[in-house]
Amino acid sequence: MRWNIQSTPNTQKLQHLQNELQVDTTIATLLLHRGIETYEQAKQFFRPTWHDLHNPYLMKDMDKAVARIEKAIANNENILIFGDYDVDGTTAVALVSSYLKSYYKNIATYIPDRYTEGYGVSFQGIDFAHDNDFSLIIALDCGIKSIEHVHYALQKNIDFIICDHHLPADVLPSAIAVLDPKRQDCTYPYKELCGCGIGFKLIQALAKNKKQSDIDLMPYLDLVATAIAADIVPITGENRVLAKLGLEVINSNPRPGIKALIQNLKKQYLTISDVVFIIAPRINAAGRIKHGNEAVALLTEFNINQAEIFANEIEQHNSDRKDIDKQITTEALELIQLNNEQQNYTTVVYQPHWHKGVIGIVASRLIENYYRPTIVFTKSDTKLAGSARSVKGFDVYKALENCAQHLEQFGGHMYAAGMTLREDNFLNFKLSFEQEVKKTIPEELRSPELSIDMELDFDKITPKFLRILKQFEPFGPQNMTPVFVAKNLKDTGFAKQMGKNNEHLKLFIKQPNSIGIDAIGFGLGDKINLVQNQQVFNAVFSIEENEFNGVVNLQLKIKDIQP
């Protein structure tokens with residue numbers, strides 16, 4: 001594990017921000033690392049409000065989208081809300097459909113089947129719309145590259161409105177409106193919204209026309225915050241505003257579907273991390289194990305008793321998903337050993353019986369064991385379907401481009417991709433991918449890096465410091481949980497291994513002339529020999545509150561230890 005301490009900010013900027021905000025060097029440094037240099041930027045960062053959201057009509061084609069929806073309503077047309085089967089897609093469908101249904105009844109939803117239709121707009125979905133007399137489809141979290149599909153729909157007299165956040169190709173689909181801030185000709189000020197975020201901008205524009213207030217849209221923000229957390233988009237700008245306000249809704253008055261998912265949690269306050277690890281996997285499990293329709297049904301259900309029934313079914317799907325991905329991970333690790341591939345530059349594994357819905361999760365799990373670009377394949381009809389995950393700093397999509405001669409098709413981005421290939425091409429592809437990564441990956445990317453904000457002595461960890469640190473939430477990309485390093489530490493004799501296989505480490509640590517602090521190191525059980533017998537060590541950590549039986553205590557979450 002490489003430790004990389006960020007460079008100290010410019011002295012003048014540091015001094016200026018300290019004076020403007022009346023904060024200490026540590027807080028000013030953390031803010032500058034996040035690109036915050038002025039009082040105004042800090043105010044917006046710490047106190048985001050509705051007023052920080054942009055006018056939805058600044059988005060290219062928003063006026064056309066609203067006009068077409070209002071025309072459909074005036075003409076009593078049937079509108080189909082179409083979205084992807086992941087968290088971003090299902091929350092977006094739940095958001096737009098439940099908003100439109102609040103004043104118009106001819107609304108239905110459609111989530112493609114992960115296994116028979118695959119990702120994005122499908123011809124099957126368009127046929128469904130045609131057979132059931134839908135004349136307008138609103139596609140959410142997909143559609144930006146669906147040129148053929150939109151053309152096919154037009155031949156059947158079905159119009160499209162596309163709300164997407166993925167990168168467009170050079171040519172856009174012939175839709176009535178294409179809402180995507182990443183369009184080259186779109187001057188919308190914030191480019192990093194997720195699919196559900198684009199859906200929210202659409203209902204915000206519709207609400208403006210209906211003279212509704214911001215308060216009327218508050219109940220939809222639990223969905224937006226869930227999508228922002230799950231889709232790993234930057235927690236900056238509008239995403240930060242929507243995530244923060246949405247978390248308030250999740251913690252105070254969530255919709256019955258989300259309430260049913262979280263009601264057994266013994267937590268006073270749910271953070272964005274809880275949304276990522278508790279709410280999101282359960283919503284995702286519906287599309288992985290059964291069908292994304294179940295997630296939409298849960299998120300649009302307003303009877304709490306029925307919502308609890310749906311939530312219990314989804315809980316079972318999530319439990320099944322965990323068992324399946326655990327089993328496949330075990331089998332994949334055995335394959336790596338069997339083939340003597342422990343020292344490879346890549347992991348590429350395949351078994352025909354592996355469940356297609358979890359191979360992406362398994363790829364991520366394998367990276368925890370062998371830190372390198374990883375692809376997991378399974379059989380899908382007559383082809384092999386693969387899911388790739390990468391390591392920090394390495395562009396797996398580019399590597400796939402250079403092995404494209406062996407693939408039928410592929411798509412994705414720097415850190416995650418999906419692909420299909422013919423079974424007789426598997427070994428050639430595997431060899432080609434290994435050689436490509438070996439040739440292009442810098443040596444330093446072959447071991448994980450810990451990015452550290454700064455050194456922090458224990459005497460700086462005061463109640464005031466913690467109060468300000470909490471206001472940095474919600475955390476996420478481009479606003480990660482602050483990570484510190486402290487030196488000259490000693491355990492006070494409480495060090496012990498924990499967990500089923502002694503994989504975790506529990507400590508009570510001190511610095512010279514400081515009070516002791518509880519600490520836990522998940523997955524660091526094998527480092528106990530570095531801290532026993534009063535040995536001096538350095539540690540990288542984040543600061544968190546540990547809640548147990550309703551009592552909240554300060555705790556350090558240790559990320560790594562060195563002598």
Side-chain angles (χ1 to χ4, degrees), residues 60-61 64-65 68-69 72 77-86 88-90 92-93 96 108-186 195 198-199 202 287 291-293 356 380-388 397 400-401 404-413 416-422:
K60 179 86 174 170
D61 280 3
K64 294 176 187 172
R68 182 63 185 90
I69 292 167
E77 294 176 56
N78 294 327
I79 303 174
L80 187 65
I81 315 298
F82 188 109
D84 190 27
Y85 40 69
D86 68 1
D88 195 15
T90 52
V93 167
V96 174
T109 62
Y110 190 98
I111 303 288
D113 184 278
R114 188 182 200 113
Y115 305 104
T116 60
E117 294 170 79
Y119 168 79
V121 177
S122 65
F123 292 113
Q124 200 174 314
I126 295 165
D127 288 341
F128 170 86
H130 180 254
D131 294 345
N132 291 281
D133 198 28
F134 288 93
S135 49
L136 176 62
I137 296 176
I138 302 174
L140 295 146
D141 189 36
C142 60
I144 196 65
K145 291 183 178 174
S146 302
I147 292 162
E148 288 174 33
H149 296 87
V150 172
H151 180 68
Y152 179 73
L154 283 173
Q155 292 174 323
K156 293 177 176 288
N157 296 317
I158 299 169
D159 286 336
F160 255 90
I161 291 169
I162 289 167
C163 306
D164 205 348
H165 68 120
H166 298 101
L167 273 172
D170 294 335
V171 180
L172 294 175
S174 307
I176 293 289
V178 178
L179 307 178
D180 187 338
K182 293 191 176 86
R183 280 177 66 163
Q184 282 193 327
D185 59 350
C186 182
I198 309 284
L202 176 61
H291 200 289
N293 283 334
K356 191 179 171 188
S380 179
D381 295 328
T382 59
K383 305 269 174 63
L384 303 195
S387 194
Y397 184 81
L400 290 173
E401 277 185 320
Q405 71 271 26
H406 305 294
L407 299 170
E408 295 287 296
Q409 59 184 60
F410 67 99
H413 52 79
M419 72 220 70
T420 56
L421 53 70
R422 295 205 326 263

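Throughout, residue positions are numbered sequentially from 1 according to the sequence presented.
- Within a 6.0 Å sphere centred on CD of Gln405, heavy atoms belonging to other residues, nucleotides or ligands number more than 12.
- Here the CG atom belonging to Leu202 is positioned 6.5 Å from the CD1 atom belonging to Ile161, to the nearest 0.5 angstrom.
- Ser174 has its side chain out of reach of His151: every pair of non-hydrogen atoms, C-beta onward, lies at least 4.5 Å apart.
- The OG atom of Ser146 sits 7.5 Å away from the CD1 atom of Ile126 when rounded to the nearest 0.5 Å.
- Residues Ala129 and Leu80 come closest through the heavy atom pair CB-CD2, 3.9 Å.
- Contact between Pro112 and Gly120 at its shortest, heavy atoms only, is CG-O, 3.7 Å.
- Across all non-hydrogen atoms, the minimal contact from Glu117 to Gln124 is CG-OE1, 3.4 Å.
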Exercise. Verify salt bridge (Lys or Arg N to Asp or Glu O under 4.0 Å) between Lys64 and Asp61, making sure each step is shown before the conclusion.
Key: CA-CA 5 Å; Lys64 294 176 187 172; Asp61 280 3; 3.4 Å; yes

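- Judged by distance alone, the side chain of Arg68 and the main-chain N or O of Ala177 form no donor-acceptor pair under 3.5 Å.
- Considering CD1 of Ile137 and CD1 of Ile79, their distance stands at 11.5 Å, rounded to 0.5 Å.
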Quiz prompt | Test log, rule side chain to side chain contact (heavy atoms under 4.5 Å, CB included), inputs Thr420 and Ser380 | solution = CA-CA 9 Å; Thr420 56; Ser380 179; over 6 Å; no

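- The distance from atom CG of Leu172 to atom CD of Gln184, rounded to the nearest 0.5 Å, is 9.5 Å.
- Other residues, nucleotides and ligands contribute more than 12 heavy atoms inside 6.0 Å of the CD atom of Glu408.
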Quiz item: Given the rule in the side chain to side chain contact (heavy atoms under 4.5 Å, CB included) test, do Ile144 and Leu167 qualify, once you have shown the distances and angles that lead to the verdict?
Solution: CA-CA 8 Å; Ile144 196 65; Leu167 273 172; over 6 Å; no

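- Side chain of His130 to main chain of Lys156: no donor-acceptor pair is present (N/O by atom type, distance under 3.5 Å, no hydrogens or angles).
- Of all heavy-atom pairs spanning Pro181 and Cys186, the tightest one is CA-SG, 3.9 Å.
- Screening Ile158, Val121, Ile147, Asp127 for a side-chain contact (heavy atoms from CB on, under 4.5 Å) involving Tyr152 leaves a single residue, Asp127.
- Closest approach of Pro173 to Val178, counting heavy atoms only: O-CG2, 4.0 Å.
- For Asp88 (side chain) and Gly195 (main-chain N/O), a donor-acceptor pair under 3.5 Å exists by modelled atom type.
- Tested against Leu179, the residues Ile162, Ile198, Leu140 include a single side-chain contact (heavy atoms from CB on, under 4.5 Å) partner, Ile198.
- If you take CG on Asn293 and OH on Tyr85, they are separated by 13.5 Å, rounding to the nearest 0.5 Å.
- Shown here for Glu148 and Phe123, the closest heavy-atom pair between the two residues is O-CE2, 4.2 Å.
- No donor-acceptor pair closer than 3.5 Å links the side chain of Asp381 to the backbone N or O of Lys383.
- Distance CZ/Phe82 to CD1/Ile111: 8.0 Å, rounded to 0.5 Å.
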Self-check item: Pair Asp141-Tyr119, side chain to side chain donor-acceptor pair (under 3.5 Å): steps then yes or no
Solution: CA-CA 10 Å; Asp141 189 36; Tyr119 168 79; 5.1 Å; no

